[in-house]
Amino acid sequence: MKVLVTGGAGYVGSVVVDELIARGDEVVVIDNLYQGHREAINPEAKFAQVDLLDAHAVAEVFDANPGIEAIMHFASHTLVGESMQRPELYLRNNIVMGVNLLEVAVPRGVRKFILSSTANLFGNPTRVPIDESQPLDPGSPYGESKLMLERILRWYERIYDLRYGALRYFNAAGATERRGEHHDPETHIIPLVLSVALGKRDSFTIYGGDYPTPDGTCIRDYVHVYDLAQAHLLTLDALKEGSRTYNLGNGQGFSNLQVVEAARKVTGHPIPTQIGPRRPGDPAVLVASSEKIRSELGWQPKYADLESIIRSAWEWHKSHPSGYKED
Ligand SMILES: NC(=O)c1ccc[n+]([C@@H]2O[C@H](COP(=O)([O-])OP(=O)(O)OC[C@H]3O[C@@H](n4cnc5c(N)ncnc54)[C@H](O)[C@@H]3O)[C@@H](O)[C@H]2O)c1
Ligand SMILES: O=c1ccn([C@@H]2O[C@H](COP(=O)(O)OP(=O)(O)O[C@H]3O[C@H](CO)[C@H](O)[C@H](O)[C@H]3O)[C@@H](O)[C@H]2O)c(=O)[nH]1
């Protein structure tokens with residue numbers, strides 16, 4: 001199958017591109033390298049450095065690559081905290097990127113679409129673990145932009161018979177041998193904690209120690225990027241039977257203090273840590289129920305425990321101390 005992957009130079013997208021190519025699919029990547037890295041793109045993929053806000057340029061990519069059957073849409077502004085400071089980036093850009101893509105792709109015959117959605121759709125949930133039936137009440141403009149895209153996909157399904165998968169990841173983490181997490185600036189907990197162990201930062205600050213959780217710090221559900229990639233492949237194959245929406249996590253929550261503790265074990269470094277103020281937009285607890293994709297598609301995460309997820313990230317950061325940049 002020929003698949004267009006937007007954001008294929010980014011963290012999750014680059015791993016999915018590798019897995020698609022490994023199983024014999026043909027891949028075209030669109031990325032404007034706003035956060036992604038050219039070095040992260042599998043050399044067997046075709047690459048177009050294009051901004052999805054530019055519909056004309058997106059159309060040119062389709063016209064130069066006839067026969068694209070499916071889209072996996074990773075490209076996005078992705079930060080909950082930033083979206084509380086700069087909502088317009090999210091409420092405009094994320095939505096326009098998705099709409100441009102649909103307006104170009106659907107008239108050219110694409111009928112399969114997978115969206116990277118998010119746990120942030122659930123805001124501050126009242127029940128955990130969170131399954132797909134829980135109320136949607138986004139916790140930030142970022143989450144709102146993803147909910148709007150999910151709803152837009154529903155209309156495209158009704159009107160154009162587009163089959164879509166909405167995959168609501170909880171916290172993507174870990175690395176494969178070839179690909180790891182490198183954002184600039186980095187804001188995610190695991191790479192930041194590991195950068196202290198690598199000697200690149202002196203200490204780590206936890207945002208908030210007064211949440212209603214056992215140790216007062218936020219709880220998240222970490223899911224390995226390799227396992228996310230497998231969920232994408234399974235979902236893509238299942239779209240012929242209809243659209244689907246899945247929550248993707250391991251079903252186990254870890255507090256920010258527990259993440260630091262696990263990283264201390266993996267790295268053998270003391271990782272000095274202090275508690276700072278809360279970060280606006282952060283829900284206290286997010287833990288997924290992924291029973292639906294497990295039972296419907298047989299998804300079985302390979303990395304179910306936090307230490308093995310952090311260990312894989314640690315291996316990558318040790319071998320790429322400056323990420324994708326040359327040292
Ligand atoms: N990382 C997580 O924990 C997590 C959790 C839930 C959902 N998600 C979603 O998964 C997707 C991938 O996340 P990630 O962590 O890999 O992010 P990332 O920032 O590493 O990758 C996103 C990619 O999109 C590209 N991009 C951004 N704006 C673009 C534009 N206008 N045109 C073309 N390309 C553009 C960036 O250059 C980058 O390579 C995102 O949609 C994100 O919202 C991520
Ligand atoms: O320096 C830091 C950075 C993060 N954290 C904490 O670590 C936890 C995880 O934060 P991340 O920034 O690593 O990830 P988020 O939970 O904010 O967000 C991730 O998961 C979300 C879904 O829940 C989104 O989809 C988003 O794209 C993705 O980045 C949060 O409690 C956050 O407050 C800190 O304490 N200190």
Side-chain angles (χ1 to χ4, degrees), residues 5-16 29-38 40-41 48-54 57-58 72-83 89-90 93-94 96-98 100-101 115-123 130 138-140 142-143 145-146 149 167-173 179-193 195-196 201 203-209 211 213 217-223 225 228 232 248-249 254-257 259-260 273-288:
V5 179
T6 74
Y11 174 42
V12 185
S14 63
V15 177
V16 176
V29 168
I30 287 185
D31 200 299
N32 66 351
L33 302 182
Y34 168 74
Q35 273 293 343
H37 309 273
R38 193 182 282 272
I41 304 170
Q49 186 172 346
V50 158
D51 192 323
L52 287 170
L53 296 175
D54 180 351
V58 175
M72 292 195 182
H73 181 41
F74 297 92
S76 178
H77 292 275
T78 67
L79 305 175
V80 174
E82 183 185 55
S83 80
L89 271 187
Y90 291 74
N93 290 14
N94 279 358
V96 173
M97 282 187 230
N100 278 348
L101 202 50
L115 171 72
S116 300
S117 190
T118 171
N120 197 266
L121 295 193
F122 298 103
I130 305 166
S140 67
Y142 164 70
S145 72
K146 297 286 184 173
L149 288 170
L167 299 183
R168 299 160 173 171
Y169 326 153
F170 282 57
N171 285 60
R179 316 279 173 225
E181 188 164 10
H182 175 189
H183 297 113
D184 196 10
E186 189 54 79
T187 62
H188 293 95
I189 185 166
I190 291 177
L192 284 176
V193 166
S195 71
V196 179
R201 280 169 219 262
S203 67
F204 175 69
T205 302
I206 292 180
Y207 295 137
Y211 283 95
T213 60
T217 67
C218 291
I219 291 177
R220 294 288 180 273
D221 180 342
Y222 295 89
V223 53
V225 278
L228 288 179
H232 281 76
L248 293 178
F254 294 94
S255 74
N256 293 338
L257 272 171
V259 170
V260 173
T273 296
Q274 59 271 334
I275 304 282
R278 290 184 178 199
R279 182 173 67 179
D282 275 343
V285 181
L286 290 172
V287 178

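One-based numbering, in listed order, for ligands and for the atoms of each. The structure displayed is predicted, hence computed values, not measured ones. One-based numbering along the sequence shown.
- The atoms of ligand 1 that sit less than 4.0 Å from any heavy atom of F74 are 11 (C), 12 (C), 40 (C), 41 (O).
- Near C218, meaning under 4.0 Å from one of its heavy atoms, ligand 2 places the atoms 31 (O).
- Of the protein's non-hydrogen atoms, the one nearest atom 8 (C) of ligand 2 is N256 OD1, 3.4 Å.
- Closest to atom 4 (C) of ligand 1, if we only count protein heavy atoms, is Y169 CD1, 3.9 Å.
- Within ligand 2, counting atoms from 1 as listed, the ones closer than 4.0 Å to a heavy atom of F170 are 20 (O), 22 (C).
- Note: Y169 and F74 have tilted aromatic rings, judged against thresholds of 30 and 60 degrees for the angle between ring planes.
- Residue-ligand proximity: N94 is placed with every non-hydrogen atom at 4.0 Å or more from ligand 1.
- Ligand 1 lies within reach of K146, whose nearest heavy atom is under 4.0 Å from it.
- Residue contact check: S117 has heavy atoms under 4.0 Å from atoms 6 (C), 7 (C) of ligand 1.
- The protein heavy atom nearest to atom 39 (O) of ligand 1 is D31 OD2, 2.6 Å.
- Neither the backbone nor the side chain of A119 has a heavy atom within less than 4.0 Å of ligand 1.
- With a 4.0 Å cut-off on non-hydrogen atoms, N93 does not touch ligand 1 at all.
- By the criterion of a heavy-atom distance under 4.0 Å, the side chain of M97, and not its backbone, is placed next to ligand 1.
- The distance from ligand 2 to the heavy atoms of I206 drops below 4.0 Å at these ligand atoms: 35 (O).
- For the pair L228/V16, no side-chain contact is recorded, criterion being any heavy-atom separation below 4.5 Å from C-beta on.
- In terms of protein heavy-atom proximity, atom 1 (N) of ligand 1 is nearest to A172 CB, 3.6 Å.
- For ligand 2, the atoms closer than 4.0 angstrom to any heavy atom of T187 are 3 (C), 4 (C), 12 (O).
- In summary, the atoms of ligand 1 found under 4.0 Å from a heavy atom of D51, numbered by their order in the structure, are 30 (C), 31 (N), 32 (N).
- Distance from atom 27 (C) of ligand 1 to its nearest protein heavy atom, with residue and atom name: S76 O, 3.6 Å.
- Atoms of ligand 1 lying under 4.0 Å from any heavy atom of V50, numbered from 1 in the order shown and given with element: 32 (N), 33 (C).
- Not a single N or O atom of L192, backbone or side chain, sits closer than 3.5 Å to an N or O atom of ligand 2.
- When each atom of ligand 2 is checked for a heavy atom of R220 under 4.0 Å away, the hits are 16 (O), 31 (O).
- At the top of the distance list for atom 25 (O) of ligand 2, counting protein heavy atoms only, stands T118 OG1, 2.6 Å.
- In this structure, atom 17 (O) of ligand 2 lies nearest to the protein heavy atom R279 NH2, 2.8 Å.
- Counting protein heavy atoms only, atom 35 (C) of ligand 1 is closest to N32 OD1, 3.0 Å.
- The distance from ligand 1 to the heavy atoms of Y34 drops below 4.0 Å at these ligand atoms: 37 (O).
- Contacts between Y142 and ligand 1, counted as non-hydrogen atom pairs separated by less than 4.0 Å, involve the side chain only.
- Of all atoms in ligand 1, listed by their number and element, those nearer than 4.0 Å to a heavy atom of A9 are 39 (O).
- Annotation: H73 places no N or O atom under 3.5 Å from an N or O atom of ligand 1; distance criterion only.
- Of all atoms in ligand 1, numbered sequentially from 1 with element shown, those under 4.0 Å from a heavy atom of F170 are 3 (O), 5 (C), 6 (C).
- Protein heavy atom nearest atom 26 (C) of ligand 2, with residue, atom name and distance: T78 O, 3.4 Å.
- Within the structure, the closest approach of A173 to ligand 1 does not fall below 4.0 Å when heavy atoms are considered.
- Residue-ligand proximity: L33 is placed with a non-hydrogen atom under 4.0 Å from ligand 1.
- Atom 24 (O) of ligand 1 has its closest protein heavy atom at A75 CA, 3.2 Å.
- Closest to atom 18 (P) of ligand 1 among all protein heavy atoms lies H183 NE2, 3.5 Å.
- The protein non-hydrogen atom at the shortest distance from atom 28 (C) of ligand 2 is H188 NE2, 3.9 Å.
- Looking only at heavy atoms of the protein, atom 5 (N) of ligand 2 is closest to Y207 CD1, 3.6 Å.
- Near G7, meaning under 4.0 Å from any of its heavy atoms, are these atoms of ligand 1: 23 (C), 24 (O).
- Atom 33 (O) of ligand 2 has as its closest protein heavy atom D282 OD2, 2.6 Å.
- Here the heavy atom of the protein found nearest to atom 21 (O) of ligand 1 is G10 CA, 3.5 Å.
- Taking a cut-off of under 4.0 Å to the non-hydrogen atoms of L286, the atoms of ligand 2 that pass are 23 (O).
- Ring pair H188/H183 is tilted by interplanar angle, where 30° to 60° counts as tilted.
- Protein heavy atom nearest atom 15 (P) of ligand 2, with residue, atom name and distance: N171 ND2, 3.5 Å.
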